[in-house]
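Presented below is the structure to which this report refers.
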Amino acid sequence: MYEITKVEHLVDKDWLMVVKAPFVAKKCEPGQFLIVKLGELGERIPLTIADYDREEETITIVFQVVGASTEKMSKLKAGDCFTDVVGPLGKPSEMIDTPIDELKKQSIIFIAGGVGAAPVYPQVKWLHAHGIEADVILGARSKDLLIMEDDLRKVAANVYVCTDDGSYGDKGVVTDILKKLVNEQGKKYTQCIAIGPVIMMKFACLTTKDLGIPTIVSMNPIMIDGTGMCGACRLVVGDQVKFACVDGPEFDGHLVDFDLAMKRQRQYKDEEGRAMLALQEGATHSGGCEADK
Ligand SMILES: Cc1cc2nc3c(=O)[nH]c(=O)nc-3n(C[C@H](O)[C@H](O)[C@H](O)COP(=O)(O)OP(=O)(O)OC[C@H]3O[C@@H](n4cnc5c(N)ncnc54)[C@H](O)[C@@H]3O)c2cc1C
Ligand code: FES
């Protein structure tokens, strides 16, 4: 069992948890994820490692309530336990294996959309710890949905905030800011790392392709084992099929087939809806109505 040592409600549907997981905390690097399971019959939920403390033997996760399992997770309190925490999974970010001298020659910009700010944070923090200051564009639908701004400001060179409705920072989407920085302020970036909803990463990549900036994205397809055994997480990248859990989750964004990825992400919509109904109303309708069969 893995004890939750801290629970913090960030905004709206976003929660932060610190979990005692000595093995994961000892080995994990930025870019990697873990899988948590709640109860013997619970499903496996992949989540990016948002932070870690090797001495305290803890990891931090930030998750958004989008369905039955994450809703159940949001009811947990400090002192409760996950049945399983498996990780670290996936490959660390490319930067971890890049010589620091090489990284210092680069000018890196991160694009964080919504809850994507959480996986961006450990990467910016890691760069900062190695003497490299990156820029960050942080976007959300509105001011009250913005997370991790203060944390990011402590480790980034500049944080540019935008909201879709203009309630805070610039009004507009993350790609508007990137275009403004490059085309109007003359900023030159040699690397972009975009993490957030798949649709945001798709449009970020279309923009960076136009601007000629190589771009890495962190993909979040449906996963089951997370160890390369089933192919549920497969994606098409360039002309190859890749398993996000072992080949990724980070990929060259200019090669990812985003439309296919979005289609595959929707494949269990009916089952997910039923699971949420079962959680809210009991099992009565969760199997579907007799008349529908
Ligand atoms: C590598 C990776 C890292 C992730 N990191 C984060 C993170 O840091 N924070 C965060 O909030 N979310 C993250 N996710 C997404 C998170 O796993 C899903 O939101 C969660 O599994 C939804 O479960 P649910 O039962 O609440 O929702 P459901 O009702 O089951 O599903 C809602 C939506 O979540 C997605 N989803 C469902 N099951 C899975 C699954 N097993 N694997 C992936 N996606 C699924 C589907 O697109 C679905 O449409 C990550 C996913 C992956 C693959
Ligand atoms: S989740 Fe099964 S191979 Fe990736």
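Small disclaimer: the values here were computed from a predicted structure and weren't measured. Just so you know, ligand 1 is whichever comes first in the structure, and atom 1 is the first atom listed for that ligand.
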* Let me see the working for Lys125 and His128 under side chain to side chain contact (heavy atoms under 4.5 Å, CB included), right down to the final yes or no. => CA-CA 5 Å; Lys125 186 180 167 188; His128 177 73; 5.5 Å; no

* Asked: Tell me: protein heavy atom nearest atom 3 (S) of ligand 2, and distance?
  -> Gly231 N, 3.0 Å

* To do: Would you name the heavy atoms of Val85 and Ala21 that are closest together and state the gap between them?
  => CG1-CB, 4.2 Å

* To do: Run down the list Ile45, Leu34, Thr48 and name the one with the heavy atom closest to atom 8 (O) of ligand 1.
  => Thr48

* Is any NZ, NE, NH1 or NH2 atom of the basic residue among Asp165 and Lys143 found under 4.0 Å from an Asp or Glu carboxylate oxygen of the other? -> no

* Structure fact -> Going by the 4.0 angstrom heavy-atom rule, the piece of Glu43 near ligand 1 is side chain

* Can any side-chain N or O of Gln191 pair as donor or acceptor with the backbone N or O of Pro214 at less than 3.5 Å? -> yes

* Under the 3.5 angstrom rule, does the side chain of Asn183 hit a backbone N or O of Lys180 as a donor-acceptor pair? -> no

* Taking the minimum heavy-atom distance to atom 14 (N) of ligand 1, which of Gly226, Pro46, Gly248 ranks first? -> Pro46

* State the atoms of ligand 1, each with its element, that fall below the 4.0 Å cut-off from a heavy-atom position in Thr70. => 24 (P), 26 (O)

* Give the atoms of ligand 1, by number and element, whose distance to some non-hydrogen atom of Phe63 is under 4.0 Å. => 9 (N), 10 (C), 11 (O)

* To do: Round to 10° and report the angle made at atom 4 (Fe) of ligand 2 by SG of Cys245 and SG of Cys233.
  => 100°

* **Residues Met73, Phe82; criterion side chain to side chain contact (heavy atoms under 4.5 Å, CB included); working and verdict** => CA-CA 9 Å; Met73 273 174 65; Phe82 284 110; 3.9 Å; yes

* **Numbered atoms and elements of ligand 1 in range of Arg44, under 4.0 angstrom, heavy atoms** => 41 (N)

* **Close-contact set for ligand 1 against Ile222 heavy atoms, below 4.0 Å** => 40 (C), 42 (N), 43 (C), 44 (N), 45 (C)

* Under the side chain to side chain contact (heavy atoms under 4.5 Å, CB included) criterion, do Tyr168 and Glu149 qualify, and how do the steps go? -> CA-CA 12 Å; Tyr168 185 56; Glu149 183 191 352; 3.0 Å; yes

* Asked: Short question: side chain of Thr208, backbone of Leu211 - any donor-acceptor pair under 3.5 Å?
  -> no

* To do: Please state which part of Arg234 comes within less than 4.0 Å of ligand 2, counting heavy atoms only: side chain, backbone, both or neither.
  => neither

* May I ask which of Asn220, Val36, Leu47 has a heavy atom nearer to atom 10 (C) of ligand 1 than the others do? => Leu47

* Please confirm whether Lys202 makes a cation-pi placement over Phe258, using NZ or CZ under 6.0 Å from the six-membered ring centre and within 45° of the ring normal. => no

* Short N or O distance, Glu71 and ligand 1, threshold 3.5 Å exclusive -> no

* To do: With atom 2 (Fe) of ligand 2 as the reference point, give the N/O/S atom of Asp225 that is nearest.
  => OD1

* Which pair of heavy atoms, one from Ile45 and one from Ser69, lies closest together, and at what distance? -> CD1-CB, 3.4 Å

* Structure fact -> Note: ligand 1 atoms sitting under 4.0 Å from heavy atoms of Phe33 are 1 (C)

* To do: Compare Val65, Val115, Val62 and give the one whose heavy atom is closest to atom 7 (C) of ligand 1.
  => Val62

* To do: Please say whether Met219 places an N or O atom under 3.5 Å from an N or O atom belonging to ligand 1.
  => no

